[in-house]
Amino acid sequence: MSILKIKDLVHKYVTYGDTEEDKQEIAAIDHIDINVEKGEFVAILGKNGSGKSSLAKHINGLLMPTEGAVYIKGMDTKDESTLLNVRQSAGIVFQNPDNQIVGTTVEEDTAFGPENLGVEPKDIWTRITAALTGVGMMAYKEASPNHLSGGQKQRVAIAGIMAMEPECIVLDEPTAMLDPEGRRHVLSLVKALNKEKNITILMVTHHMEEVILADRIIVMDQGKIVMDGKPKEIFSRVDEMKALGLEVPYATELAWELKKEGVNLSDTITTKEELVEELCQFV
Amino acid sequence: MKENKVQFIAVTAMAVALTYVFTAFVNVRLPIAANGGLIHLGNVPLFIMAILFGKKTGAIAGGVGMGLFDLLSGWTAWAPFTFIIVGIMGYVVGAITEKHDQYGWKVAAIFAAFVIKIVGYYIAEIILYGNFVAPITSVPGNVVQIAVAAVIVLIVIEPIEIAVKKIGITQFA
Amino acid sequence: MSIRLEHVSYAYEDNSSKKNYALKDVNLEIKKEEFIAVIGHTGSGKSTLIQHLNGLIRPTSGKIYFDDEDIYADGYPLRELRGKVGICFQYPEHQLFETTILDDVCFGPMNFGKTKEEAKEIAIKCLKDVGLPEKLYEKSPFELSGGQKRRVAIAGILAMEPEYFILDEPTAGLDPVGKDQILNLLKKLHEEKKITIILVSHSMEDVADYAQRVIVMNHGQVMYEGDKKEVFSHKKELEAAGLAVPFYRQVCEELADRGFPIQRDLLTLEETKGAIIQGLKELRGK
Amino acid sequence: MLKDITIGQYYKEDSLIHRLDPRVKLFAVLIYVITLFMHKSPATYVMSLLFLVLTIKISKVPVKYILRGLKAIAVILLFSVMINMLFIPGKPVIQFWIISISAEGIRTTIYLGSRLIMLVLGTSLLTFTTTPNELTDGLDKSLGFLNKIGVPVHEIAMMMSIALRFIPILTEELEKIMKAQTARGIDFESGGLLKRVKSMVPIIVPLFVAAIRRANDLAMAMESRCYHGGVGRTKLKPLKYEKRDKMAYIFLFVFLAVMIYLSFFSPWR
Ligand SMILES: Nc1ncnc2c1ncn2[C@@H]1O[C@H](COP(=O)(O)OP(=O)(O)OP(=O)(O)O)[C@@H](O)[C@H]1O
Ligand SMILES: Nc1ncnc2c1ncn2[C@@H]1O[C@H](COP(=O)(O)OP(=O)(O)OP(=O)(O)O)[C@@H](O)[C@H]1O
Ligand SMILES: [Mg+2]
Ligand SMILES: [Mg+2]
């Protein structure tokens, strides 16, 4: 079943210079088509300014298409009457955990979404218990967010989305401001939500190691989709990735360098284990 | 527009927080007096946010921000007066600068706020202290406070306005 | 010529007035012209440590010497020290404030007594060093992209012409290209201008690529300190301290474990690549 | 650390007063202040004092904590006392040199002075026993009627609670910016007033720009979590009157009645 359908989407920002006439239009998204099935884990890559965040905001109805349309479960994001439904079905998590936590305690923040949806107080409690248990932050439910580490705060932000019981979560560089440990925690949580709760995930990131396990990778450049496929397939196109100003996982890079020197390795190496395995066949 | 309402709430909330922070924690030590030379800068965010975002934000930033400080810090009895007086100050600064862009009007707006503060607190303290003379003691403090805030605001307002314009956040329609 | 810490401890004051040591008995010497990396788990005290190096925070106990002079002796010119030891904090672009990029970079040197003209000259030089296109100099710093802002902020510290340049996670939040540009800039500053670099980083691979010496912090104490090859040989201990060894070293270890003829202590892509090819030749020879 | 700053002066304790609904406490403060300003006779003072002592006792907040609040107004209190004593005309009781103090002067001084003291102590008890969040909730609910005259009460309450969340964050950010600019050689501590004021520029500009950026992010996060104003919104912990709250209301009305009687009708007025 298709959960997200983007049809010929264009988004133009208007920017003003020092004078009113000095007006410029930037096409941040330039004729994009995407179809995402329920339960998929999609990673979105692309260098700075390629339009990833703009795309993410469209999925949540935070931006409105200049041209084309975005459908969540068949609902057009342009339709005012179903906008809350769209936002409930497709939650978004941003980069800076501090700027998306509204409540002064963890449980209050988790309750914010359900409160806005008009959920009865006793149902809110069951929802936040489920959400906080899900992200492993139940023990901190009465804590102030200011006393949490970055990774913990980001997990609270995810719990806030989970409490709205969405079917799809968009994460815009959720690990960019975290340290390695916080990053590991958030990533394993996102993977678990995808595998265990069958939540569709769209994750924007700059870290190639984080997306090896995605079902699918979409690469954006200058507002267009330039690659779309399985990680193994995308990462096998090392030259193209480099030309786009991106990297590939360490193992892929090493394998690629070795192949250039004439070592006979397969194209689809992405992890350390695969690399070691193949090299050891020569022993 | 609907979008703007949430943005208004967020920006104004941040203005309230800034006013609180500057009232509670940001002080300038005056080089003149050894003892009572410490003044808070709570008026700075109030003026800046009123100039940037208009009268409603100004009124709430001032009234709620400084009122909240009074309410929570043992000046509870002053809180309702602060809410009204500083609220009006923010409103007036915002209202004047919304209409007129020129620098001179900013000065005038802050001067108006200055008068409101002095007169307002004088009246409030007559009610609180029950006489006409004791409230005069707080006048010099208020004068210096606003004067210092005014100087700071008039220096920083231009770079902030430019920055805010460049990052693309402007007044709510 | 060095910065030396002797028995430095530091406790943040807590609401409960309980002493909370962020640094415990740290002894270190940072010599001129080194390229040092500081690594450690979150909250291990890295940021606290570097703020001691230019007198931004004063140790609860212990001494800090700059060129063998106690920086907390009476009359020591702390402000001058801050000109010699520049610190670039995390997300330095959040501190930009002037209306033009050039003015912002001039701010540091002018605080240290340079005239406007002198400051401008230095600023232009530094902006060139960080590779910012000249047509941007008169623009507002708020118009730039994240990576460009980061470079302006770095230029702002460089313009104080520091002898020691400390950077707290300078690549956080940048894309791969932006990250490489910043790290290569540091390398260039170190090699060409002989500036001592002290880099705080969470990326073991970057540390392995760029640094010479590594300081490992663990719960406020120096856990290891020395040549990077030596430090990264403590795989188990580092992992227990919430760190890791660089990817390439992991590959080498696993290959070696499985009988592939390769050294275990290689750290970078280049080294590893060469060694694997060498190893394959050996294997073919047999 | 700075992000640990306590906002306000809430004193954590488990007392009847702490557990009362914030609306009741706000109402109590209102009644208390009104009655303070009705004072005419010693009897009313004794009643107010009794009320104050009783609530302090029940609240379990240490008296020395509460008295600390007086320090702030000590100067003004002293000054006010002096002015009243010296300038209120009447039959002099004490007289030396050019100073004469009248009986009326002494009487008024005692009245006004004690009224100010009781005002400060009583109202600050509210913040000792109520967390900032409860206060926000209470104000939201009890000032709801202001909606009718166009005051956006719900929005203001939302802003207050967001502000409470961001005060520590902005404080920490302020500290960071100050450190970073210190590292670039700025000097806050010396020079004339203008120089000190100028040294605030590199602090204030980045702080405000950052705050406005945060506000933008926050607005987006709120919208994406379906925030659309107060209409149709439920609360995780809706304020609900308990039996103790009702008892407290009754008690307050009785107190008010007694005070009105003492002030206007009793033989000792
Ligand atoms: N509010 C805005 N107003 C004007 N232009 C904008 C705005 N937001 C983004 N843009 C422009 O649109 C383009 C795409 O931006 P977007 O933020 O979507 O990129 P991104 O891929 O998320 O980049 P990053 O990796 O830096 O997050 C950029 O050129 C950017 O400058
Ligand atoms: N301003 C402060 N007040 C109180 N405690 C602090 C403060 N800053 C840091 N700490 C504490 O001191 C310890 C060391 O913190 P520090 O910031 O130096 O660690 P770090 O290694 O830089 O961590 P990170 O990798 O997250 O940046 C931590 O336990 C931290 O909680
Ligand atoms: Mg983005
Ligand atoms: Mg740190």
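- Per-residue counts of heavy-atom pairs under 4.5 Å with chain B were compared for D:I162, D:I204, D:L126, D:L119; the largest is that of D:I204.
- Ranked by heavy-atom pairs shorter than 4.5 Å toward chain D, the options B:I60, B:V21, B:T19, B:V26 are led by B:V21.
- Here the side chains of D:K198 and B:V151 are not in contact, with every heavy-atom distance at 4.5 Å or above.
- For the set D:I156, D:L121, D:L170, D:V29, the count of heavy-atom pairs under 4.5 angstrom toward chain B peaks at D:L170.
- Using a 4.5 Å cut-off between heavy atoms, B:F69 makes no contact with chain D at all.
- Contacts between B:P45 and chain D at a heavy-atom distance below 4.5 Å involve backbone atoms as well as side-chain atoms.
- Within 6.0 Å of OH in D:Y10 there are more than 12 heavy atoms belonging to other residues, nucleotides or ligands.
- B:I152 touches chain D through backbone and side chain together, each having a heavy atom under 4.5 Å away.
- For B:I48, the part sitting under 4.5 Å from any heavy atom of chain D is the side chain, from C-beta outward, and nothing else.
- Residues D:Y227 and B:I9 meet the side-chain proximity criterion, which asks for heavy atoms closer than 4.5 Å.
- With a 4.5 Å cut-off on side-chain heavy atoms, D:I212 and B:F53 count as touching.
- Taking both residues in full, the closest heavy atoms of D:M159 and B:A13 are given as O-CB, 3.7 Å, listed atom of the first, atom of the second, then distance.
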(request) Could you give me the CA-CA distance, side-chain angles and deciding distance for D:V120 and B:W78, then say whether side-chain contact (heavy atoms from CB on, under 4.5 Å) is met? (result) CA-CA 9 Å; D:V120 169; B:W78 278 256; 3.8 Å; yes
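- Between B:F8 and D:E155 there is no side-chain heavy-atom pair separated by less than 4.5 Å.
- Contact of D:L164 with chain B is made through the side chain alone, with heavy-atom distances under 4.5 Å.
- Between D:A215 and B:A10 the shortest heavy-atom distance is O-CB, 3.3 Å.
- Proximity of B:Q7 to D:E223: side-chain heavy atoms (C-beta onward) are nowhere separated by under 4.5 Å.
- For chain B, the nearby parts of D:V205 are the backbone and the side chain; heavy atoms of each come within less than 4.5 Å.
- At a 4.5 Å heavy-atom cutoff, the contact between B:L128 and chain D is made by backbone and side-chain atoms alike.
- Surrounding NZ of B:K56 are at most 12 heavy atoms belonging to other residues, nucleotides or ligands under 6.0 Å away.
- Options B:V64, B:L71, B:I155 differ in how many heavy-atom pairs under 4.5 Å they form with chain D, and the most are formed by B:L71.
- For D:R165, no part lies under 4.5 angstrom from a heavy atom of chain B.
- Between chain D and the residues B:L41, B:I160, B:V44, B:V16, the most heavy-atom pairs under 4.5 angstrom are made by B:I160.
- Distance CD1/D:I169 to CE/B:M14: 8.0 Å, rounded to 0.5 Å.
- Here the side chains of D:T123 and B:W75 are not in contact, with every heavy-atom distance at 4.5 Å or above.
- If you measure heavy-atom distances from D:I66 to chain B, you find no contacts under 4.5 Å at all.
- Heavy-atom proximity under 4.5 angstrom to chain B picks out D:P132, D:L135, D:L139 from residues 130-141 of chain D.
- Using a 4.5 Å cut-off on side-chain heavy atoms (C-beta onward), D:M160 and B:L68 make contact.
- In this structure, D:T171 and B:Y20 have side chains that are not in contact, with every pair of non-hydrogen atoms separated by 4.5 Å or more.
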